[in-house]
Every structure is written in C-alpha cells, then in structure tokens.
Amino acid sequence: MSKKNKKQKVKPQVLKGFRDYPPREQIAREAMLAKIKDSFELMGFLPLQTASLEFAETLLGSHYNEDSLNELFGFQGPDDVDMALRYEFTVSLARFVASNPTLPLPFRRYQYGNVWRVDKPGPGRYREFMQFDVDIVGTQNLLADSEIISAMVSTMDKLNVKNYKVRFSNRKILNGLIEYASIPQEKSSDVMRVIDKLDKQGRDAVILELGAGRVDVSGDKIKGVELENTQICKIEEFLDIASQKNVSGLDAVEKLLGSIEVSQTGINELRSILENLSNMNIDATKTEIDLTIVRGLGYYTGPVFETTLLDLPEYGSVFSGGRYDNLVDRFLGRSIPAVGSSIGVDRLLAALLALDALELKESTSQVLVTVMDRERLPEYLNILQELRNAGIPSEIFTGDTKNLTKQIKYGDKVGIPFALIAGSDEFEKGLLTIKNLQAGKEKAKETSDREEWLKAENIQESIEAKDLISYIKENMSTS
RNA sequence: GCUGAUGUAGCUCAGUUGGUUAGAGCGCCUGGUUGUGGACCAGGAGGUCGUUGGUUCAAUUCCAUCCAUCAGUACCA
C-alpha cells in the first residue's frame with residue numbers, strides 16, 4: 001500500500017453533536033419508543049408525521065432574528081428555496097392544523113422523530129436528537145392540560161422510571177410578578193430567564209444576576225439585569241414563598257399576588273388542574289406545583305410542565321411542555337389554543353443508561369446455527385427455517401470460515417444466547433447439540449480453569465432433533 | 001459567544017531538559033484448537049506525535065497561529 005493511497009483514506013468521523021446508536025443502544029431506544037407509543041395510544045392520541053424540512057419562513061415566523069437563524073440548520077436548497085431542518089414539531093403541527101380546516105378539533109396527536117439544532121453538545125445533548133411530542137390542539141379547556149400531565153405521569157411509569165417528579169406551574173403567575181415588582185416590559189424576559197436558573201445556579205446567583213451580575217467559577221463575567229433593590233426584594237419575597245411546593249405555596253402566592261388579575265387567573269387554573277388530577281387518581285407523589293418554573297419565553301402562555309429525574313437532576317428536564325395559545329396565529333391570523341409536552345428521547349435514554357436502569361439486549365437472535373460441514377448445508381437451512389417458523393429469532397453463520405471456533409466466537413461476541421452445533425456425529429443419531437453461550441459466559445466469571453469451564457453443566461447438551469423447538473422455548477430468557 | 005484546560009496507536013495514557021528505529025496497557029488480527037467461546041500462551045498489524053508557519057545544523061519536543069475536544073458559562077424559539 002503506497003503512501004498516496006493512505007492519504008486518500010476518508011477519516012471515519014461524525015459531525016459535531018451527531019452520533020451513531022450501536023445495536024445495543026438502539027434496541028433499548030426502540031423498546032422505549034414502543035412503550036411511549038403504547039402509552040399515548042391508550043389515551044387516544046393519533047400518530048402524525050410531518051416533513052423534516054420546512055420553508056425557513058415556516059420555522060422562523062415572527063421569531064425571525066439573527067439568533068434563531070444561527071440555531072438552525074438552514075440552507076438554500078433546490079430551486080433556490082430557503083429551507084431548514086425542523087428544530088421541533090410544534091410549528092409543523094401548527095402548519096398542519098392551519099392547512100387542514102376540516103380536521104376535527106380538539107386534535108389529539110403524537111409525533112416522534114429527529115429534530116436538529118445547532119447547539120453546543122453536552123451530556124445527553126446533541127445536534128440531532130429525537131423528540132416525542134404529545135399535544136392537544138384546539139381547546140382552552142384545562143382538562144386538556146390535565147390530560148397532558150396525566151400522559152406525562154403514565155408514560156414515565158410505563159417506561160419504568162422510578163424516581164421522577166412532574167413539576168408544573170403557570171406562566172400567568174410570573175407575568176403578574178413582573179407587574180407586582182414594577183418591572184418594565186423590556187426587562188421582563190431577562191428577569192424570567194434569570195429566575196429560570198434557580199434550579200441550576202441557586203438562589204444567591206439569581207439575586208446577583210438580577211442586580212449587578214456575577215463572575216462564574218471559570219472567571220467569566222455574567223452581566224446582570226440591573227434591577228433596583230426594591231424590585232429585587234419583591235422578587236425575593238416571591239421566591240421565598242415559591243419554595244413551598246403545592247397547595248400551601250399556592251395559597252401563600254395568592255396572598256402576595258392575588259390582587260393582580262393575571263396571577264389570580266393563573267392560580268385558579270392551577271387549582272382546577274389539581275382537582276382534575278385528583279379526580280383522575282394520578283399519584284400525587286409523582287406531581288408537584290413549582291412556581292419557579294419558567295421555560296420558553298415568548299412561547300408558553302399558561303401552564304408549563306417539566307419532568308426531572310430525582311437521581312440525575314443535572315440532566316435537566318426530560319419531558320416538558322406547556323400551553324401555547326398563539327402559535328397557529330402565524331398561519332391563520334387567528335389563534336388556535338394548544339397544549340402539549342415533549343420527551344427528549346435521547347436525553348432520557350442517556351440518563352437511563354447512566355442510571356443503569358435499562359436491560360441491554362445484545363442481540364436480536366436467540367439461536368446461531370453453525371455451519372460445521374458444508375455438505376450438510378441443506379439440513380442447517382431446514383433447521384434455521386424450522387426455528388424461524390416457530391417464532392424463534394435465529395440466524396445461520398453467514399461468514400466465510402468453516403472453523404467452528406470462529407463461528408462460536410462470533411456468537412459469543414454478538415451476544416446470541418444459543419449456538420446449534422451439528423455434524424455427522426449428531427445427524428447419524430438424530431441429535432442436535434445446543435451450546436448455551438450465555439450460561440458459559442456466566443460460568444467463565446467463576447472459574448479461570450479451562451478444564452473446569454469446559455466440563456461445566458448446562459453449557460452444552462445433545463437433544464433429540466424433534467425436541468429442538470420446545471427445548472429452545474423452555475430455555476429462552478423471557479425478556 | 002465568553003473563560004480555562006487538553007490534543008502522542010482504535011481506546012486510556014506514558015515519554016522526549018530539541019538528536020538516528022516514539023513506548024505501555026486494553027482492544028484488534030493470526031496461530032496454539034479447521035468438533036467448541038472466556039482465561040492462558042506465542043506471534044503480528046496499527047502512529048505524517050492535531051494543522052500551518054517560525055526559530056534551529058536538527059522540532060513530536062520551543063514559539064506563534066488556526067483547528068478540534070473537554071469543563072464551566074451564555075443562548076436555547
């Protein structure tokens with residue numbers, strides 16, 4: 001091989017923030033998707049799939065500015081059309097609803113797929129990632145909000161996540177706080193953005209940022225919102241109260257902000273949702289009112305939801321959303337109210353992997369049919385088909401070697417539980433040899449002595465050929 | 001974007017006070033064993049020492065630059 005040839009090699013690299021899912025992860029990922037789908041369909045949500053590429057104008061709408069433009073994968077496509085990869089599903093949902101006027105409302109739909117954002121990658125955070133959305137479009141009824149929260153709880157349960165909390169609040173309460181603290185409109189989103197950091201940065205940092213700003217651990221300066229002390233005091237007053245969760249916090253906030261109409265509305269709405277959840281018999285330990293939740297600015301208009309894993313809070317929210325009553329405006333000029341929530345599938349997957357909370361299957365095959373004697377290929381293929389017809393996932397060794405060692409090594413490496421071995425010894429007696437690779441793997445942990453390992457029980461036995469299917473079915477792991 | 005750190009084999013890392021053939025462990029490949037996995041034993045492949053430029057008789061080593069990665073932070077519709 002010449003040096004020139006070497007230079008022509010293409011480096012096997014993936015783009016920043018993109019990744020592959022090796023089979024063991026993808027198997028777990030698809031199992032997750034199936035559970036989520038089941039959970040939503042049980043609640044009568046309908047599947048919808050929309051285009052991955054949209055007109056840039058569709059995606060950006062009124063949010064069109066330099067910043068949002070930098071955040072998405074946009075480009076000029078064929079026919080000189082400005083287009084971009086979707087960064088979420090909600091806009092596409094709004095477009096779909098707007099262009100299907102006969103759609104029966106309320107429209108309950110779920111959608112999953114990849115979305116793309118030019119973000120800085122971090123743990124559980126990628127530039128291409130999967131979201132799984134559930135929304136109800138076309139109703140202001142708080143029953144819809146309650147249904148979404150209910151879906152969040154039942155889906156987390158269905159996914160067998162143990163230690164989580166669905167927290168929710170109402171943006172209207174914070175809108176009232178802005179008024180209460182006499183904060184001018186142009187500073188309101190800055191203030192909310194800072195309050196949103198409460199969880200991650202803590203109360204002291206928030207207070208500093210509301211005022212003069214602070215310096216972070218790396219020495220980077222973070223500029224403050226420059227509020228006056230009286231304003232900050234009023235926000236502190238609220239934060240103290242909001243640290244009490246649930247009904248007691250709600251009562252206390254009502255005393256503080258009840259005179260402000262928008263806050264009172266928000267409080268009433270939360271009370272109504274609480275009542276619905278209670279009538280739905282949603283486990284009260286799984287949900288919690290947390291009045292410090294902010295979420296997307298200029299987007300959510302009412303209740304907002306978040307789901308945190310109590311064992312891995314640093315992964316942030318894995319399932320979140322809220323009510324957005326203005327989104328369809330962009331297409332219709334009139335508003336259609338909507339509420340929904342979205343699972344960050346890959347973030348949740350990464351978190352569950354980090355918690356070691358997923359069973360990882362290595363292979364989809366249960367049986368590897370080895371090819372020891374090529375003369376016998378017709379028999380092997382018959383056995384293979386017999387297994388598959390019985391519903392047992394199986395494969396035949398399709399590699400080039402007839403070396404049995406290598407075939408079994410292959411089965412071991414890819415994690416196939418059983419290897420079927422048969423040569424003239426077996427065929428003459430009507431037998432088949434089944435080697436339990438999984439049992440062997442277990443045994444290998446106990447002994448380092450080869451002789452002992454080879455002699456171990458349950459690792460290999462010869463059975464009557466006619467008993468093959470029942471033997472495998474009995475010994476298959478059920479997972 | 002900002003602040004800081006780090007780039008040497010597929011992975012984790014050692015090393016060179018500037019000097020000829022740059023090392024280890026793990027992984028990978030081959031054989032021991034074409035009728036049997038792990039462990040073990042023997043052998044082997046694999047590196048323009050991140051890029052470009054500068055200093056020097058000589059740079060993987062020193063300097064500059066860019067790029068990439070990691071951490072924190074900002075932004076996140």
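Chain letters run A, B, ... following the sequence lines, proteins first, then strands; residues in each count from 1.
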ask   = Closer than 4.0 Å, any side-chain N/O of A:Arg193 to the OP1 or OP2 of B:C76?
value = yes
inquiry  = Heavy atoms only, 4.0 Å cut-off, all strands: where does A:Asp196 land among base, sugar-phosphate and nothing?
reply    = nothing
inquiry  = Once you apply a heavy-atom cut-off of 4.0 Å, does A:Glu426 come out as touching a base, just sugar-phosphate, or nothing?
reply    = base
ask   = Does the side chain of A:Lys197 get closer than 4.0 angstrom to OP1 or OP2 of B:C75 through an N or O atom?
value = yes
query = Given that A:Gly17 and A:Ala439 both sit by RNA chain B, which one's nearest nucleotide is further toward the 5' end?
reply = A:Ala439
note = note: A:Asp190, atom CG; B:C76, atom C1'; distance rounded to Å ~ 14 Å
query = Expressed in angstrom and rounded to an integer, what is the separation of A:Leu60 atom CG from B:C76 atom P?
reply = 15 Å
query = Rounded to whole angstroms, how far apart are CD1 on A:Ile416 and P on B:G37?
reply = 16 Å
remark   = Separation of B:A74 atom P from A:Leu208 atom CG, nearest Å, is 13 Å
Secondary structure of RNA chain B in dot-bracket form (Watson-Crick or G-U wobble, distances below 3.5 Å, | marking inter-strand pairs) = (((((((..((((.....[...)))).(((((.......))))).....(.(((..]....))).))))))))....
task = Starting at CD of A:Gln438, measure out to CE of A:Met476 and round the result to the nearest 0.5 Å.
result = 11.0 Å
message = Between B:U60 and B:G15, how far apart are the two C1' atoms, rounded to whole Å?
response = 10 Å
inquiry  = Suppose we screen for side-chain hydrogen bond (donor to acceptor under 3.5 Å, both in side chains). Which residues come up paired with A:Thr433, at least two apart in sequence or across chains?
reply    = A:Glu426, A:Ser462
task = Indicate for each nucleotide in nucleotides 25-34 of chain B, in 5' to 3' sequence, whether protein heavy atoms under 4.0 Å reach the base (B), only the sugar-phosphate (S), or nothing (-).
result = ----SSS--B
key: P-based separation of B:C76 from B:G4 [nearest Å]   = 24 Å
Rounded distance in Å - CZ (A:Arg374) to P (B:G35) = 12 Å
message = Nearest to the side chain of A:Ala444, heavy atoms from C-beta on, is which of B:G38, B:A77, B:A74?
response = B:G38
query = Of all the nucleotides listed (B:C76, B:G37, B:G35), which has the minimum atom distance to the side chain of A:Ile459?
reply = B:G37
message = With rounding to the closest Å, how many angstrom separate the C1' atoms on B:A64 and B:A59?
response = 14 Å
ask   = Taking only side-chain nitrogens and oxygens of A:Gln201, does any of them come within less than 4.0 Å of OP1 or OP2 of B:U73?
value = yes
key: Residue pair A:Leu309 / A:Met156: nearest heavy atoms and the distance that separates them   = CD2-CE, 3.9 Å
query = Is the ring centre of A:Trp453 under 5.5 Å from the base ring centre of B:A39, and are the two planes under 30° apart, so that they stack?
reply = no
query = By side-chain hydrogen bond (donor to acceptor under 3.5 Å, both in side chains), which residues pair with A:Thr301, not counting sequence neighbours?
reply = none
ask   = So which pairs with a foot in residues 15-24 of chain A pass salt bridge (charged side-chain N to carboxylate O under 4.0 Å, His left out), sequence neighbours left out?
value = A:Arg19-A:Glu25, A:Arg24-A:Glu362
key: Rounded distance (nearest 0.5 Å) linking atom CG of A:Leu48 with atom CD of A:Gln111   = 5.0 Å
remark   = Here the distance between atom P of B:G35 and atom CG of A:Asp425, to the nearest Å, is 10 Å
Whole-angstrom distance between B:G50 and B:A68, as gauged at atom C1' = 7 Å
query = Relative to A:Tyr300, does A:Arg295 satisfy both conditions: NZ or CZ under 6.0 angstrom from the six-membered ring centre, and within 45 degrees of the ring's axis?
reply = no
task = Between B:G72, B:G35, B:A77, spot the one nearest the side chain of A:Arg117, thanks.
result = B:A77
key: Which residues share a salt bridge (charged side-chain N to carboxylate O under 4.0 Å, His left out) with A:Asp199, sequence neighbours left out   = A:Arg167
inquiry  = So A:Arg125, base contact, sugar-phosphate only, or nothing? Heavy-atom distance under 4.0 Å.
reply    = base
request  = Output every pair passing ring pair (Phe, Tyr, Trp, His ring centres under 6.0 Å) with a member in residues 398-418 of chain A, not counting sequence neighbours, ordered by first then second residue.
outcome  = A:Phe397-A:Tyr410
query = Considering only the C1' atoms, how many Å lie between B:U65 and B:A24, rounded to the nearest integer?
reply = 33 Å
message = For the P atoms, the ones on B:C41 and on B:A22, what distance do you get once it is rounded to whole angstrom?
response = 28 Å
message = Once salt bridge (charged side-chain N to carboxylate O under 4.0 Å, His left out) is applied, do any residues pair with A:Glu226, and if so which ones, sequence neighbours excluded?
response = none
Residues in salt bridge (charged side-chain N to carboxylate O under 4.0 Å, His left out) contact with A:Asp133, at least two apart in sequence or another chain = none
remark   = For A:Arg203, the salt bridge (charged side-chain N to carboxylate O under 4.0 Å, His left out) test, sequence neighbours excluded, returns A:Glu236, A:Asp240
request  = Find the distance between CD1 (A:Ile392) and CG (A:Leu468) and round it off to the nearest 0.5 Å.
outcome  = 6.5 Å
inquiry  = In whole Å, measure the gap between the C1' atoms of B:C26 and B:G46 for me.
reply    = 14 Å
remark   = Numerically ordered, the residues 91-98 of chain A set in heavy-atom contact under 4.0 Å with RNA chain B is none
query = NZ of A:Lys223 versus P of B:C75: gap in Å, rounded?
reply = 8 Å
Could you tabulate the donor-acceptor pairs under 3.5 Å formed by side-chain atoms of residues 368-375 of chain A, not counting sequence neighbours?
unit_1: A:Thr370; atom_1: OG1; unit_2: A:Leu420; atom_2: O; d: 2.7
unit_1: A:Asp373; atom_1: OD1; unit_2: A:Glu375; atom_2: N; d: 3.0
unit_1: A:Arg374; atom_1: NH2; unit_2: A:Asp400; atom_2: O; d: 2.6

query = Contact class for A:Gln460 (heavy atom, under 4.0 Å): base, sugar-phosphate, or nothing?
reply = base
message = What's A:Ser189 touching, base or sugar-phosphate or nothing? Going by heavy atoms closer than 4.0 Å.
response = nothing
ask   = Within the pair A:Lys16 and B:U69, is there a side-chain N or O less than 4.0 Å away from OP1 or OP2?
value = yes
query = What is the distance, rounded to the nearest whole Å, between atom CD1 of A:Ile434 and atom C1' of B:U36?
reply = 14 Å
inquiry  = Using the P atom as the point on both nucleotides, what is the distance between B:A71 and B:A77, in whole Å?
reply    = 22 Å
message = Using a heavy-atom cut-off of 4.0 Å across all strands, would you classify A:Asp373 as base, sugar-phosphate, or nothing?
response = nothing
